[in-house]
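What follows is a short report on a single structure.
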Amino acid sequence: MTKTGLGVGTVTSDTGGIACKPTCSASYPAGTVVTLTATPASGSSFTGFIGCTPATATTCTVVMSAARSVSAAFTSP
């Protein structure tokens, strides 16, 4: 999990293990479904995830079948 852009925010996982500011990683058994949630900091906006499907406004779902790389983009006005 990496953060891109000039904004600030956090990304957390519903299964525990991920609570990121700029960068983080966690290990999960094969087949685990992980839902990531992005929360922009005050004054920043979340613009989207790259590397997961499906993705909604602030969440994305990743099925762990191999090593996966996901990015979350935040912008600042």
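All figures in this text were calculated on a predicted structure; none of them were measured in a lab.
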Original post:
Can Y28 be reached from F49 by stepping across I, L, V, M, F, W or Y side chains whose heavy atoms are under 4.5 Å apart?
Top reply: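 Yes, same cluster.
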
**OP:** Could you state whether M64 and V70 fall into the same hydrophobic cluster, counting links through intermediate Ile, Leu, Val, Met, Phe, Trp or Tyr residues with side-chain heavy atoms under 4.5 angstrom apart?
**Re:**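 Yes: a chain of side-chain contacts under 4.5 Å links M64 to V70.
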
**OP:** State, to 0.1 Å, how close F46 and A72 come at their nearest heavy-atom pair, and which atoms those are.
**Re:**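 Reported closest heavy-atom pair: CE1-CB, 3.8 Å.
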
Original post:
Which atom pair, heavy atoms only, marks the closest approach of V63 to R68?
Top reply: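 So the two residues come closest at O-NH1, 3.1 Å.
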
**OP:** May I ask you to decide if D14's main-chain N or O and T35's side chain share a donor-acceptor pair within less than 3.5 Å?
**Re:**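 Checking the backbone N and O of D14 against the side chain of T35, no donor-acceptor pair under 3.5 Å is found.
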
Original post:
So, S44 side chain and G7 main chain: donor-acceptor pair closer than 3.5 Å or not?
Top reply: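 Checked: no pair found.
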
Original post:
Which distance, rounded to the nearest 0.5 Å, do you find between the CG of L36 and the OG1 of T12?
Top reply: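 It comes to 8.0 Å.
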
**OP:** First locate atom SG of C24, then atom CD1 of I18, and finally report the distance between them rounded to the nearest 0.5 Å.
**Re:**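 Separation between the atoms: 5.0 Å.
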
Subject >> Set of side-chain contact (heavy atoms from CB on, under 4.5 Å) partners for A73, sequence neighbours left out >> reply: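 So A73 forms a side-chain contact (heavy atoms from CB on, under 4.5 Å) with T4, T47.
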
Original post:
Among side-chain atoms of T58 and T37, is any donor-acceptor pair under 3.5 angstrom?
Top reply: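 There is no such pair (donor and acceptor under 3.5 Å, judged by atom type) between the side chains of T58 and T37.
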
